[in-house]
Asks: 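This structure is in structure tokens; I'll ask about it shortly.
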Amino acid sequence: MVDDKKVRVRFAPSPTGGLHLGGVRTALFNYLFAKKHNGDFILRIEDTDQTRFVAGAEEYIIECLSWCGILPQESPQNPGEFGPYRQSERKASYRAYAERLVEDGNAYYAFDTPEELNAERNKTPNFTYGHKTRSSMRNSLSLPEDEVRSLLENNTPHVIRLKVPEDETISFSDMIRGQVSFETNIVDDKILLKADNMPTYHLAVVVDDHKMQISHIFRGEEWLPSAPIHILLWEYLGWKKEMPQWAHLPLILKPDGHGKLSKRDGDRLGFPVFAMNWTDPASGELIKGFREMGFLPEAFVNMLALLGWNDGSDQELFSLEELVEKFSIERINNSGAKFDFEKAKWFNHEWIKKSDIEELRPYFTAVLAEHQIFQVENHYLDIVINLVKERLMLLTDFWDQASFFFKEPETYDLASVLPKWTVEKTSFFTDIIEKFEGYEPWNSEGIESLYKLAIQASGLKMGELMLPFRIMLVGGKFGPHIFDIAATLGKEESIKRIKKGLSAILAQ
RNA sequence: GGCCCGUUCGUCUAGGGGUUAGGACGUUAGAUUUUCAUUCUAGAAACAGGGGUUCGAUUCCCCUACGGGCUACCA
């Protein structure tokens, strides 16, 4: 599978918008394979379609990779010796290869305008530009030689198309699905060079993969049908011996219905599809990302890796280092996987639980800052994190679970307390305030035993006095062990909240 | 339509000629938590169908069905 050739793989997105989770997974598998085999992981920007260029998309892609911890060795920002790493900057080099193909009789000039092609498609239901139809179109195969020459001399807009041979079978061994074959008769004469002199994806990938000495290609299954075109090109360009090995990854599908997962599904079903928030510069529309929704990068990467790959054991939690160590192409699945957001959240939950406090702290500091809470002492924050972290699915849940540690409740769930309120309870709480005031040291166990003793002395039932206490400190029916909360809040703050809560109850 | 790829619990998957078909998410029920969540325990839940090959197929082969992808001067 991996011969003596140096492993060089590339992730080659086009900068047209946010980075889809399927894209991140492709990048991840490339990265894992490269690392596993001491190879290079390269980022190449495929921006040959200038009409689809979106400002900021390239920087965004790099930031996503950086967030995931899978930065490339070579990229536009960090060029190696195989640059440039943007196809638009390699523009000048492509035409020569296309011309060479024409000279060798493996490609030809075509002068049909987009309008003419459209008309043809409307006329003939399943029109394809190929060996059956090219003689009736306007190209250097059908037109007289001198007409072709004068068209070219007059700079008539034209494209260069691949001349796909007749009656051949192209087959290759895909590292994931084994032997795959195609009949050339059904492959169309794909455009290699557009009228704007830019190459199409087909020409550009092959030329660049060769120039960059790419050894293995991991890409989505949607590319499988164009594999024969690429193989033909490797052959016609005379590079067949250096052709990389192919691996077509299964697709990530919509959780409900059917089809490839798209950004629209995220809106519709309420989960992110992009790695990070993406704002479309043209429309201003914001599309949510996993990062901003509260995912740990470790969890995101872990979840993605297990979507289509497993190590054969029951293990599901893997760090990036472990993935590198255990990754193997043989264990990549060959069928598409429906994305399951519930499972994604479970991965995040597990990673929050197993992450170190130092790693977690900055995330929660950021969550607090969003709610105008600043300058929290690390010691206090750490206590709170340890109290609530196993209750969190998303980092952003921290606010719902722990806001009361940083500000007193604004509202009280009085409905769960009022109906059973009695004067005895009022005096219990005025009494407990006094007891608390004189109590030291202020720790959870101590407070608990003092509180329970007071309950016994009052003759009231324990169950009647636990909930009101919680409502006073927290505001509602949630949160960790109540005496841990009181201990963390401190004596002064706890007493203050009891007083305030009590008056809120009495005010009704 | 044509071509290509695929098909094990609802979902992600392990397995592989003879298994009680395993795990995880979700779900259900209990326990713990004098709140809620977590956690723990238990349960329900799958080999798409039909033909072969075979002593024996979920596993190998073929067909069908179904699903997906591609079919642009997009990647």
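Chain naming here is simple, since letters A, B, ... match the order of the sequence lines and numbering starts at 1 in each. The structure presented is a predicted model; accordingly, all values stated were derived computationally and were not measured.
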Asks: Does a distance-only test, which skips hydrogens and angles, find a donor-acceptor pair under 3.5 Å between the side chain of A:Lys190 and the base of B:A72?
Replies: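 Check fails, no donor-acceptor contact within cut-off.
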Asks: Measure from CZ on A:Phe341 to P on B:C25 and round the result to the nearest Å.
Replies: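 Roughly 17 Å, once rounded to whole Å.
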Asks: Looking at A:Lys345, does any N or O in its side chain come under 4.0 Å of the phosphate oxygens OP1/OP2 on B:G26?
Replies: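 For B:G26, OP1/OP2 do not have a side-chain N/O of A:Lys345 under 4.0 Å.
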Asks: Less than 4.0 angstrom from a charged side-chain N to a carboxylate O is my criterion; do A:Arg44 and A:Asp209 meet it?
Replies: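 Yes.
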Asks: Does either side chain, that of A:Asn139 or that of A:Arg134, offer a donor lying less than 3.5 Å from an acceptor on the other one?
Replies: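 No, because no side-chain N or O of A:Asn139 sits under 3.5 Å from a partner of the opposite role on A:Arg134.
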Asks: Side chains of A:Gln315 and A:Lys326: is there a donor and an acceptor less than 3.5 Å apart?
Replies: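 A:Gln315 vs A:Lys326: donor-acceptor pair found between side chains.
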Asks: Do the two ring centres, one from A:His230 and one from A:Phe172, sit under 6.0 Å apart?
Replies: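 Here the rings of A:Phe172 and A:His230 have centres that are no less than 6.0 Å from each other.
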Asks: Would you say the side-chain atoms of A:Asn333 and A:Ser335 include a donor-acceptor pair closer than 3.5 Å?
Replies: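 No, no side-chain donor-acceptor contact under 3.5 Å.
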Asks: Treating primed atoms plus P, OP1 and OP2 as sugar-phosphate and everything else as base, which nucleotides of nucleotides 3-10 of chain B get B, S or - for protein heavy atoms under 4.0 Å?
Replies: SSBSS---
Asks: Given A:His248, which partner from the list A:Glu222, A:Arg219, A:Arg177, A:Glu221 fulfils the side-chain hydrogen bond (donor to acceptor under 3.5 Å, both in side chains) test?
Replies: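 With A:His248 as partner, side-chain hydrogen bond (donor to acceptor under 3.5 Å, both in side chains) holds for just one option, A:Arg219.
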Asks: Is it true that A:Asn154 and A:Thr156 share a donor-acceptor pair across their side chains at a distance under 3.5 Å?
Replies: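 There is no such pair (donor and acceptor under 3.5 Å, judged by atom type) between the side chains of A:Thr156 and A:Asn154.
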Asks: Below 3.5 Å is the cut-off: list the nitrogen or oxygen pairs between protein and nucleotides 40-47 of chain B, distance only.
Replies:
none

Asks: For A:Thr48, answer base if it contacts any base atom (sugar-phosphate contacts may also be present), sugar-phosphate if it contacts only those atoms, and nothing otherwise; contact means non-hydrogen atoms under 4.0 Å.
Replies: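 Result for A:Thr48 = sugar-phosphate.
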Asks: Any side-chain donor-acceptor pair under 3.5 Å between A:Asn185 and A:Glu166?
Replies: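 No, no side-chain donor-acceptor pair sits under 3.5 Å.
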